[in-house]
Engineer: 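The structure that follows is given in the form of structure tokens.
We use all heavy atoms of the structure for the numbers below, so side chains are in, but hydrogens, waters and symmetry mates are not. In what follows, every chain begins at residue 1, and chains take the letters A, B, ... in the order their sequences are listed.
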Number of protein chains: 2
Amino acid sequence: MARTVTEKADILPLLAEVFREHGYEGASLSLISQATGLGKGSLYHFFPGGKEEMMTAVLASIDHWFETEIFQPLLTSAHPAAAIEAMFEAVRTYFASGQRVCLVGLLGLSDSRDQFAEAIRDYFARWVQALTTALRHTHQTEQAARDHAEQSVAGIQGAIVLARALGRPDVFDRVLDEMKGRQPGKSGG
Amino acid sequence: MARTVTEKADILPLLAEVFREHGYEGASLSLISQATGLGKGSLYHFFPGGKEEMMTAVLASIDHWFETEIFQPLLTSAHPAAAIEAMFEAVRTYFASGQRVCLVGLLGLSDSRDQFAEAIRDYFARWVQALTTALRHTHQTEQAARDHAEQSVAGIQGAIVLARALGRPDVFDRVLDEMKGRQPGKSGG
DNA sequence: TGGATTTTGTACTGATAGGTAAACTCTTAA
DNA sequence: TTAAGAGTTTACCTATCAGTACAAAATCCA
């Protein structure tokens, strides 16, 4: 009965989804086992550190995705305005118009926040920094660019909260559209 | 050993704080017992429906506070712009510049969301509606006012998420300040 | 084929979860 | 004075929690 899963990486998305839907504490091992199709023996074989190691691995994979798909383009693109627009569209897809929760944001509000505080802070700090860099040229001061970046990241997180609470994905889309319209290169920016 | 607490209302704030800090599932009866100073027996005397009834009571009390302190002023004030500004300041204090979580928003992201879906949706729908009403006179269309209102409510929720994740209350204050600056009656609004 | 290794199922642990039940203590008022 | 009710303590229930132990199985390498 060996070799159901070849790579540990294969089950990370499933793991992430369980944590997203149920939170860290709410995601019991039996739920995780059910969602991944792996028994306890296998789970502890791949993650000897238990749930904490599972969450750490999930956070690392999320971090990697954002680093390559969002942060790096913002930091290095020759056309910052285009990179920012691409960010909004990538985020809209990633969070399924607010029907999919931001696991890092959720974790930051939750009971187990302290356990993963560094990873959570890092994720948001790097996001704000990348966006600040992309915005720097269109703002008079670094602080103005940073303010704008904080606004946008907060707006995205808040759009998830609001859209989910209302059960209205269109709210997420509208909030993002309006923020996009306030970016450099757009009228009224 | 009777009569430790006179009014059920007296323990609601303590209850609310436990739920805010630990979430619905994370707030165990022993934590609740410790935070309120009431034994299990007493808790079930006041809330025969258990945790669910406790949370329902907390949500009702939160709802009542927002209704009288935020929504009604927005809906009935003769000076909507002043009411909006007052809202931002009341919210800043209430959420302690993002150091205090919005229990309703948190619940909307959590596992037990379905259990309280109606109360959660109601809270945010009424907030958006009240703000839309206050903004209506300064926008060309009802939809424009609603868009603006959604932006603001989402911005507040996102500011909580971001400020908490970063451990930086000043981020909450900056995000709110910028939103306040974009309200009617302000330059650039 | 055969031995070493990786993977998995099952049964278990102690702790804690939410909730129940009943005995007990105090206050109140007739 | 006493009986009723409000409030409380304590002990207990079953279910489930995260985590452990370990042997049976599947696979790999030779």
Side-chain angles (χ1 to χ4, degrees), chain A residues 1-59 103 106-107 110-116 119, chain B residues 1-59 103 106-107 110-116 119:
Chain A
M1 289 175 187
R3 185 52 52 112
T4 307
V5 168
T6 318
E7 297 282 341
K8 191 161 122 180
D10 292 348
I11 62 173
L12 282 182
L14 301 169
L15 223 40
E17 216 48 42
V18 185
F19 282 130
R20 247 187 284 268
E21 280 168 31
H22 302 280
Y24 180 64
E25 314 215 283
S28 68
L29 284 183
S30 75
L31 272 174
I32 293 172
S33 180
Q34 190 182 324
T36 58
L38 265 55
K40 254 190 229 191
S42 303
L43 287 170
Y44 274 87
H45 174 72
F46 288 116
F47 305 97
K51 264 175 83 172
E52 180 161 354
E53 188 176 335
M54 297 179 206
M55 179 56 98
T56 303
V58 164
L59 287 178
L103 180 55
L106 171 59
L107 211 57
S110 86
D111 204 7
S112 7
R113 154 181 33 111
D114 296 345
Q115 219 166 338
F116 308 101
Chain B
M1 291 173 187
R3 184 51 50 107
T4 309
V5 166
T6 318
E7 297 282 340
K8 190 162 122 177
D10 291 348
I11 62 172
L12 281 182
L14 301 169
L15 224 39
E17 216 49 40
V18 184
F19 283 129
R20 247 186 283 268
E21 281 169 30
H22 302 280
Y24 179 64
E25 313 216 283
S28 68
L29 285 183
S30 75
L31 271 174
I32 293 171
S33 181
Q34 188 182 325
T36 57
L38 265 55
K40 251 189 235 191
S42 301
L43 287 170
Y44 275 84
H45 175 73
F46 289 115
F47 306 96
K51 265 175 83 172
E52 179 160 354
E53 188 176 337
M54 296 181 207
M55 179 57 96
T56 302
V58 165
L59 287 177
L103 179 55
L106 172 58
L107 212 56
S110 86
D111 204 9
S112 9
R113 153 181 35 111
D114 296 345
Q115 219 167 339
F116 307 101

Engineer: Just the rounded figure in Å: distance from C1' of C/dT7 to CZ of A/F47.
Structural biologist: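 So the CZ-C1' distance, A/F47 to C/dT7, works out to 14 Å.
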Engineer: Rounded to whole Å, please give me the gap between CG in A/L43 and C1' in C/dT10.
Structural biologist: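 In whole Å, C/dT10 C1' lies 14 Å from A/L43 CG.
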Engineer: Find every protein N or O atom lying less than 3.5 Å from an N or O atom of nucleotides 15-18 of chain D, and list the pairs.
Structural biologist:
| unit_1 | atom_1 | unit_2 | atom_2 | d |
| --- | --- | --- | --- | --- |
| D/dC17 | OP1 | A/S28 | OG | 3.2 |
| D/dA18 | OP1 | A/K51 | NZ | 2.9 |
| D/dA18 | OP2 | A/L29 | N | 2.7 |

Engineer: How many whole angstroms separate atom CE of B/M54 from atom C1' of C/dA17?
Structural biologist: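 Atom-to-atom, B/M54 to C/dA17, this comes out as 13 Å.
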Engineer: Rounded to whole Å, how long is the line connecting atom CG of B/L38 with atom P of D/dG7?
Structural biologist: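 Checked: the CG to P distance equals 10 Å.
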Engineer: Under 4.0 Å between any heavy atoms, over every strand shown, what does A/G39 touch: base, sugar-phosphate, or nothing? Just pick one.
Structural biologist: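 Sugar-phosphate contact only.
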Engineer: For B/G26 and B/L31, which heavy atoms make the closest approach, and how far apart are they?
Structural biologist: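 Scanning both residues, the minimum pair turns out to be O-CD1, 3.5 Å.
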Engineer: Between P on C/dT25 and NE2 on B/H45, what's the gap in Å once rounded to a whole number?
Structural biologist: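 Interatomic distance, NE2 of B/H45 to P of C/dT25: 18 Å.
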Engineer: Where do B/L29 and B/L43 come nearest, in terms of heavy atoms and distance?
Structural biologist: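 What the structure gives for the nearest pair is O-CD1, 4.4 Å.
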Engineer: Of A/G49 and B/S42, whose nearest nucleotide on DNA chain D comes first from the 5' end?
Structural biologist: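 Mapping each residue to its closest nucleotide by heavy atoms, the 5'-most match is B/S42.
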Engineer: According to the side chain to side chain donor-acceptor pair (under 3.5 Å) rule, which pairs have a member within residues 44-54 of chain A, sequence neighbours left out?
Structural biologist: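 Listed once each, the pairs are A/E52-A/Q115.
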Engineer: Which pairs pass side chain to side chain donor-acceptor pair (under 3.5 Å) with one or both residues in residues 21-35 of chain A, sequence neighbours excluded?
Structural biologist: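 Non-adjacent pairs meeting side chain to side chain donor-acceptor pair (under 3.5 Å): A/H22-B/D111, A/S28-A/S30.
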Engineer: Which is it for B/F47 and B/I11 under the side chain to side chain contact (heavy atoms under 4.5 Å, CB included) test, yes or no, and what are the steps along the way?
Structural biologist: CA-CA 11 Å; B/F47 306 96; B/I11 62 172; 3.7 Å; yes
Engineer: Tell me the interatomic distance from B/I32, atom CD1, to D/dT8, atom C1', rounded to whole angstroms.
Structural biologist: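 Rounded to the whole Å, the gap is 18 Å.
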Engineer: Taking all heavy atoms of B/L14 and all of B/A35, pick out the closest pair and write down the distance.
Structural biologist: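 Where B/L14 meets B/A35 most closely, the heavy atoms are CD1-O, 4.0 Å.
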